[in-house]
Amino acid sequence: MTATAHKETHSFQTEVSQLLHLMVHSLYSNKEIFLRELISNASDAADKLRFKALADDSLYGGDPNLRIRITTDKDAGTLTISDNGIGMTRDDIVVHLGTIAKSGTSEFLKNLTGDEKKDSHLIGQFGVGFYSAFIVADRVTVISRAAGTDADEGVRWTSAGDGEFEVETVEKATRGTDVILHLKEDEKEFLETYRLRTIIGKYSDHIALPVELEKSDFSESEEESDEQKQDKAPEFEAVNKATALWTRPKNDISDEEYQEFYKHISHDFTDPLTWSHNRVEGTQEYTSLLYIPAKAPFDLWNRDRARGVKLYVKRVFIMDDAEQFLPVYLRFVRGVLDSNDLPLNISREILQDSRVTQTLRNACVKRTLGMLDSMATTDSEKYQSFWDEFGQVLKEGVAEDHGNKEKIAKLLRFSSTHTDVEKQDVSLDDYIARMKPGQDKIYYIASESFLAAKNSPHLEVFRKKGIEVLLMSDRIDEWAVSYLEEYDGKKLQSVTQGALDLGDLEDADEKAAREKASSEHEALVSRVKTALGDKVEDVRVTLRLTETPACIVASEQSMPPQMVRIMKAAGQQVPDSKPVFEINPDHALVRMVDQEADEDRFADWVEILFDQAMLAESGQLEDPAGFAGRLNKLLLQLSKS
């Protein structure tokens with residue numbers, strides 16, 4: 001069959017027109033980044049071939065010298081980025097080039113701000129770097145042939161970015177991929193050698209294989225005929241260092257080079273917050289270069305997302321996302337790990353079981369937590385920006401990494417009654433430094449929202465005494481704190497669970513008054529307990545309230561209310577538990593109810609107080625209609641009296 005018989009026209013996914021419009025217009029001020037993205041893609045293709053060739057070196061087909069080559073044709077107005085890497089089959093091209101940002105296009109578009117500089121940073125987060133070619137090109141052609149396939153299995157992909165693309169089978173003599181940009185009339189500057197050299201030097205100097213341009217001083221003899229000149233093969237030279245950046249001495253690497261390398265491996269357009277470059281020699285030899293990003297990717301909360309570092313063994317690429325070297329709670333970390341102690345024919349099974357792997361994992365975790373601790377100590381503002389992006393993910397580590405629990409706890413940040421603002425900027429060390437004399441616990445409250453925590457009646461006695469309470473409203477907080485239990489010898493105590501014991505924070509007169517109140521209101525407690533029946537585990541006089549008539553409290557043995565809500569929302573079975581109901585006998589409403597002689601009306605009032613307390617605690621009732629009915633009945637009775 002002829003190549004023409006294999007020609008097909010396909011449509012992009014729905015949002016492609018919007019996305020390409022953004023590429024052409026919103027990112028104009030950053031247009032030169034298209035070349036960086038295409039060179040990075042070519043580098044990845046070479047890495048993947050090098051890895052596959054470990055098991056089958058016939059894939060090289062007699063051409064083991066991997067490189068990226070950039071050529072121009074001023075007459076045709078084209079710029080071509082060629083590689084001799086892994087290449088693509090017809091199916092690969094349709095899948096990878098026909099679906100833009102396949103995991104997050106809608107989310108990408110939703111995050112657009114209209115600010116060119118900010119929007120350009122989204123490219124890396126949503127995997128749409130290839131399509132930045134349309135910033136400077138009005139048509140893009142990709143010709144590719146997968147390694148190990150025949151010359152007649154090449155494929156050509158063409159699109160003008162108008163919602164459709166064509167795919168056809170073609171002859172291609174060599175493996176790899178050619179990306180041909182048909183430049184717009186006002187973008188011909190990218191055909192100039194000096195411009196290309198500048199961009200490669202700026203963005204791609206760290207690429208670990210040669211990025212070649214045609215020699216600018218290529219001489220031509222005047223005696224040569226035009227035919228001889230055309231037949232003469234051009235000469236190329238590498239214009240980048242072509243040395244793996246992580247193998248170079250740290251003192252020889254500038255901050256700009258570190259930043260550009262991060263953008264290369266992460267496809268992020270934002271500079272990283274910090275990084276750590278470390279070489280270890282001795283029993284085990286390895287080099288690690290780990291980065292903390294500045295911005296969270298859109299799919300950060302997907303714990304199954306591709307994560308981990310790029311793994312190399314003796315500078316040979318092995319895999320893109322080696323997740324075995326970093327735990328899930330550090331899934332935001334990017335970087336490179338190059339080991340001399342792992343076998344080149346490594347498999348994921350070996351990685352999971354290897355003692356060397358565990359040692360390297362521990363070292364990477366230690367290095368990452370050390371970076372964060374250093375940032376928190378030396379630059380609190382920068383650390384706050386990290387926390388705002390990744391704090392909730394880091395909290396997972398309290399439960400998942402027992403060996404580093406104390407180090408992670410030191411890095412946690414919370415809201416608190418010290419500032420009463422939603423911003424999470426209070427560390428546990430900050431809290432301990434402000435503890436009252438005689439205070440031996442770190443008090444906290446976990447609620448559905450910051451306002452619910454801040455305005456909880458459970459805080460009344462703490463505010464009265466000036467005792468700071470941590471305000472937790474992230475869904476993960478209650479779960480994480482249940483694993484933390486204590487920090488620096490201080491127990492973490494929920495103010496909504498168990499009997500409140502302020503210890504030395506309560507003086508002798510207050511203790512005596514509390515005991516007296518309990519004995520004086522035994523009859524009221526008994527009546528309330530009878531009215532509520534099996535709805536509650538117990539009823540008692542409260543220590544917590546100064547302005548509210550009643551509250552509910554979880555018993556010491558039961559699951560905290562916030563945890564119950566999380567478990568139910570996840571479809572988990574939750575053991576039945578009943579709350580403790582605490583009443584404030586000094587409140588005017590409770591005194592009024594205590595004087596009610598009609599037991600039916602008394603029971604209605606108690607139910608109202610109980611439901612109010614449930615609302616304040618959880619924001620919902622099992623029987624809201626019953627609550628409304630009782631409230632309406634009592635209001636009518638009061639209006640007639």
Side-chain angles (χ1 to χ4, degrees), residues 420 445-464 471 473 495-497 500 514 517-518 520-555 558 560-562 564-565 568-569 576-641:
D420 263 349
I445 181 170
S447 294
E448 281 281 283
S449 67
F450 169 74
L451 287 177
K454 175 184 175 181
N455 298 322
S456 171
H458 290 280
L459 300 181
E460 290 175 9
V461 70
F462 292 92
R463 291 191 183 278
K464 180 181 178 182
L471 306 174
S473 54
V495 301
T496 65
Q497 190 169 18
L500 182 62
R514 171 165 54 86
S518 296
E520 284 182 350
H521 296 92
E522 285 181 0
L524 173 61
V525 168
S526 179
R527 287 181 76 193
V528 172
K529 194 178 295 187
T530 300
L532 292 176
D534 61 3
K535 288 186 176 181
V536 295
E537 179 182 302
D538 196 11
V539 177
R540 61 187 177 220
V541 172
T542 190
L543 299 178
R544 310 166 201 266
L545 306 178
T546 59
E547 300 173 3
T548 304
C551 68
I552 62 167
V553 180
S555 66
S558 65
Q562 178 71 348
V564 170
R565 288 191 288 274
K568 285 183 176 179
D576 290 333
S577 62
K578 299 173 183 177
V580 174
F581 187 49
E582 294 192 355
I583 56 174
N584 178 6
D586 295 328
H587 195 279
L589 188 55
V590 175
R591 290 201 302 268
M592 183 199 78
V593 173
D594 189 21
Q595 295 169 6
E596 178 59 62
D598 186 316
E599 289 301 322
D600 288 338
R601 288 188 63 181
F602 176 83
D604 283 340
W605 276 114
V606 169
E607 292 270 11
I608 291 291
L609 291 177
F610 179 74
D611 285 347
Q612 282 183 339
M614 289 292 291
L615 278 173
E617 180 63 28
S618 66
Q620 59 186 16
L621 299 173
E622 289 189 6
D623 182 15
F627 169 72
R630 280 188 294 273
L631 182 60
N632 291 338
K633 183 173 74 171
L634 289 171
L635 289 173
L636 282 172
Q637 290 173 354
L638 287 173
S639 68
K640 294 175 182 177
S641 60

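All residue numbers refer to positions in the sequence shown, counting from 1. The shown structure was predicted, so the numbers you read here are calculated from the model rather than taken from an experiment. Computation of the quantities below employed the complete heavy-atom set of this structure, encompassing side-chain atoms and omitting hydrogens, waters and symmetry-equivalent molecules.
Closest approach of Cys551 and Thr542 over heavy atoms only: SG-OG1, 4.3 Å. Smallest separation of non-hydrogen atoms from Val553 and Thr496: CG1-O, 3.2 Å. The two residues Pro585 and Ile583 have their closest heavy-atom pair at CD-O, 3.3 Å. Residue Leu459 comes nearest to Ala453 through the heavy atom pair CD1-O, 3.2 Å, listed as atom of the first residue, atom of the second, then distance. Pairing each heavy atom of Lys535 with each of Glu607, the nearest pair is NZ-OE1, 2.7 Å. Taking both residues in full, the closest heavy atoms of Leu545 and His458 are given as CD2-N, 4.5 Å, listed atom of the first, atom of the second, then distance.
Within the 4.5 Å cutoff, no side-chain heavy atoms of Leu524 are placed close to those of Val541. Taking 4.5 Å as the limit, some side-chain heavy atom of Phe610 sits within range of a side-chain heavy atom of Val536. The shortest distance between side-chain heavy atoms of Asp611 and Arg630 falls below 4.5 Å. Ile552 has its side chain within reach of Met614: a pair of non-hydrogen atoms, C-beta onward, lies under 4.5 Å apart. For the pair Leu589 and Leu609, the minimum side-chain heavy-atom distance is below 4.5 Å.
For the atom pair CD1 (Ile445) and OG (Ser447), the distance works out to 4.0 Å, reported to the nearest 0.5 Å. Rounded to the nearest 0.5 angstrom, Phe450 CZ and Leu471 CG are separated by 5.5 Å. Atom CD of Glu599 sits about 11.5 Å away from atom CG of Asp604, to the nearest 0.5 Å.
Checked by atom type and distance alone, the side chain of Ser456 never pairs as donor or acceptor with a backbone atom of Ala452 at under 3.5 Å. When atom types are taken as modelled, the side chain of Arg544 and the backbone of Val495 share a donor-acceptor pair closer than 3.5 angstrom. Counting only distance, with no hydrogens or angles, the side chain of Asn632 and the backbone of Ala628 share a donor-acceptor pair below 3.5 Å.
A salt bridge does not link Lys578 to Asp538: none of the charged nitrogens lies less than 4.0 Å from a carboxylate oxygen. Remark: Lys529 does not engage Asp534 in a salt bridge, criterion side-chain N to carboxylate O under 4.0 Å.
At a cut-off of 3.5 Å, with distance as the only test, a side-chain donor of Thr548 or Glu460 sits close to an acceptor on the other residue.
Geometrically, Arg527 engages Phe602 in a cation-pi contact, judged by NZ or CZ lying under 6.0 Å from the ring centre and within 45° of the ring axis.
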